[in-house]
2 protein chains.
Amino acid sequence: MDLGKRLRSRGYRVTPQREVIYRVLQENEGKPLSLDDIHSLACEKRPGLGLTTVYRTLDLFRELEVALPVHLHGDSQYYEINEGKHHHHMVCLSCGDVELLEACLIEEIEDIVRDGSDFMITGHCMSLFGYCPDCLERGRGKGSR
Amino acid sequence: MDLGKRLRSRGYRVTPQREVIYRVLQENEGKPLSLDDIHSLACEKRPGLGLTTVYRTLDLFRELEVALPVHLHGDSQYYEINEGKHHHHMVCLSCGDVELLEACLIEEIEDIVRDGSDFMITGHCMSLFGYCPDCLERGRGKGSR
DNA sequence: CTCCTTATTGACAATTATTATCATCTATTA
DNA sequence: TAATAGATGATAATAATTGTCAATAAGGAG
């Protein structure tokens, strides 16, 4: 479903700012972006777009599940578009590079949860940390961090 | 291994502040604490302990892997002691309650990763989101957020 | 046990991140 | 096309985090 419908069906308006931010997320599928990343990229397409708007729009997108927050090591919040294949991330502790991992064992985990509690699972996130092939080759496998 | 050894073996000093913060983490095993939580609890045991010290100490504990950062929904950083059983978290989207989940399929996931890439996994984190039994009973299962 | 060296602390300032406010603008609907 | 209510951007206000530095105190030497 396209953005316009998703917005209007919940009573929100379609604005150029929202479309630009959406496009930025789309064009970077699989690459988690910080709020500043999103702001910079959006400003390239629409100079003057305010940082406040980026904050507000991502809150909205998160509510509409248009975007998903991504938790990487480090403090800042990253976002990714919620389209295409469900996936997780492998973060290199040395260079910070993020690789995608399409495998997901959530079904198995949900089975386990169901056996042990009455918690109802609706979503999840997982990140793997380690070292990417490049850094391993360059001997930056351990330590650094 | 106790805190003193872990600190001294890396050339760090054992201070009352660090011990207090460590004790706070220990006494709340399984309950992720924000930096403010830690600061408040530590101040009960040692009035005057500075917030700056809490920041610094948790950076240190993270480096020494005495504490682990926990990623929950929302922005702020949470920490937990790195002792006892490895586990994950189930976060209630309605009341914010956090339940522990001792099940972990990291071995299976590592197998999958090994087949598909040369990334070397050294750690991981996973959080499940949903609704706790209490909130489900009270009909706050869906929507709210 | 006491002294010395230097890591650590806490107060404070500086910076950065996030949120609130409000006048203006504009997407939507009639 | 006009009306209206949501959205934006500038700015201010607040909160979170980091840097600075003098004072303190941990750990080792004697």
Side-chain angles (χ1 to χ4, degrees), chain A residues 2-25 32-64 66-67 69-79, chain B residues 2-24 32-64 66-67 69-79 145:
Chain A
D2 75 302
L3 182 66
K5 278 185 193 150
R6 289 213 251 184
L7 286 169
R8 289 204 195 87
S9 71
R10 299 274 300 258
Y12 296 106
R13 293 183 178 173
V14 180
T15 66
Q17 289 86 344
R18 287 172 179 170
E19 290 177 319
V20 163
I21 292 172
Y22 182 73
R23 205 134 44 82
V24 165
L25 291 170
L33 300 175
S34 71
L35 286 158
D36 275 334
D37 293 338
I38 295 170
H39 184 228
S40 313
L41 293 166
C43 277
E44 287 176 14
K45 296 178 193 296
R46 192 169 214 279
L49 192 151
L51 181 56
T52 309
T53 300
V54 175
Y55 274 95
R56 283 187 290 225
T57 303
L58 274 134
D59 277 349
L60 177 63
F61 281 6
R62 184 158 55 173
E63 181 194 324
L64 299 178
V66 167
V70 176
H71 301 288
L72 308 179
H73 255 359
D75 340 284
S76 33
Q77 188 74 264
Y78 289 82
Y79 289 93
Chain B
D2 74 301
L3 181 66
K5 278 183 193 151
R6 288 212 252 184
L7 287 169
R8 288 201 198 89
S9 71
R10 299 275 299 258
Y12 295 106
R13 292 182 180 174
V14 179
T15 66
Q17 289 87 345
R18 287 172 180 172
E19 289 177 319
V20 162
I21 292 172
Y22 182 72
R23 203 134 45 81
V24 164
L33 300 175
S34 72
L35 285 158
D36 274 335
D37 293 339
I38 296 170
H39 184 227
S40 313
L41 293 167
C43 278
E44 287 176 13
K45 296 178 192 297
R46 193 170 212 280
L49 193 150
L51 181 56
T52 310
T53 300
V54 175
Y55 275 96
R56 283 187 290 226
T57 303
L58 275 135
D59 277 349
L60 178 61
F61 282 6
R62 183 158 54 173
E63 180 192 326
L64 299 178
V66 166
V70 176
H71 301 289
L72 308 179
H73 255 2
D75 342 283
S76 35
Q77 187 74 264
Y78 289 82
Y79 288 94
R145 183 173 277 224

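None of the values given here were measured: they were computed from a predicted structure. Residue numbers begin at 1 in each chain, while the letters A, B, ... track the order of the sequences.
Look at CG on Leu51(A): it is 9 Å from C1' on dA17(C), rounded to the nearest Å. We find that CD of Glu19(A) is positioned 13 Å from C1' of dT26(C), with the value rounded to whole Å. Going from atom OH of Tyr12(B) over to atom C1' of dT6(C) covers 14 Å, rounded to whole Å. Distance Tyr55(B) OH to dA14(C) P: 19 Å, rounded to the nearest Å. Rounded to an integer number of Å, the gap from CZ of Arg56(A) to P of dA20(C) is 11 Å. Distance Arg46(A) CZ to dC25(C) C1': 11 Å, rounded to the nearest Å. Nucleotide dA11(C) holds its C1' atom 12 Å from the NE2 atom of His39(B), rounded to whole Å. Note: CG (Leu35(B)) to P (dA17(C)) measures 17 Å, nearest angstrom.
The residue among Thr52(A) and Leu60(A) whose nearest nucleotide of DNA chain D lies closer to the 5′ end is Leu60(A).
In this structure, Leu3(A) and Phe61(A) have side chains that are in contact, with non-hydrogen atoms separated by less than 4.5 Å. In this structure the side chain of Leu64(A) reaches within 4.5 angstrom of the side chain of Tyr12(A), judged on heavy atoms. Two residues are said to be in side-chain contact when any heavy atoms from C-beta on lie closer than 4.5 Å; Arg13(B) and Leu7(B) fail this criterion. Under the 4.5 Å side-chain criterion, counting only non-hydrogen atoms from C-beta, Arg18(A) is in contact with Leu60(A). Taking the side chain as every heavy atom from C-beta outward, Thr15(B) and Thr53(B) never approach each other to under 4.5 Å. Side-chain contact between His71(A) and Leu72(B): absent, with no pair of heavy atoms (C-beta onward) separated by less than 4.5 Å.
Residue contacts for Thr15(A): at a heavy-atom cut-off of 4.0 Å it reaches the sugar-phosphate backbone alone, with no base atom in range. Across all strands shown, Arg18(A) has heavy atoms under 4.0 Å from sugar-phosphate atoms exclusively, and none from any base. Contact annotation for Arg8(B): backbone-only contact, meaning every heavy-atom pair under 4.0 Å involves sugar-phosphate atoms and none involves a base.
In this structure, Ser9(B) contributes its side chain and Arg6(B) its backbone to a donor-acceptor pair below 3.5 Å.
Listed candidates were dT19(C), dT8(C), dA17(C). Nearest to the side chain of Arg13(B) is dT8(C).
Bending across the helix from dC1(C)-dG30(D) to dA30(C)-dT1(D), expressed as the angle between its end axes from five pairs apiece, amounts to 40° (10° rounding).
For dT18(C), neither phosphate oxygen OP1 nor OP2 lies less than 4.0 angstrom from any side-chain nitrogen or oxygen of Gln77(A).
Atom CG of Asp37(B) is separated from atom OH of Tyr79(B) by 12.5 Å, given to the nearest 0.5 angstrom.
Contact check on Asp59(B) versus Arg62(B) returns a salt bridge, with a Lys/Arg side-chain nitrogen under 4.0 Å from an Asp/Glu carboxylate oxygen.
In summary, contact between chain A and DNA chain D, defined as any nucleotide atom under 4.0 Å from a heavy atom of the protein, begins and ends at dA5(D) to dT11(D) in the 5' to 3' direction.
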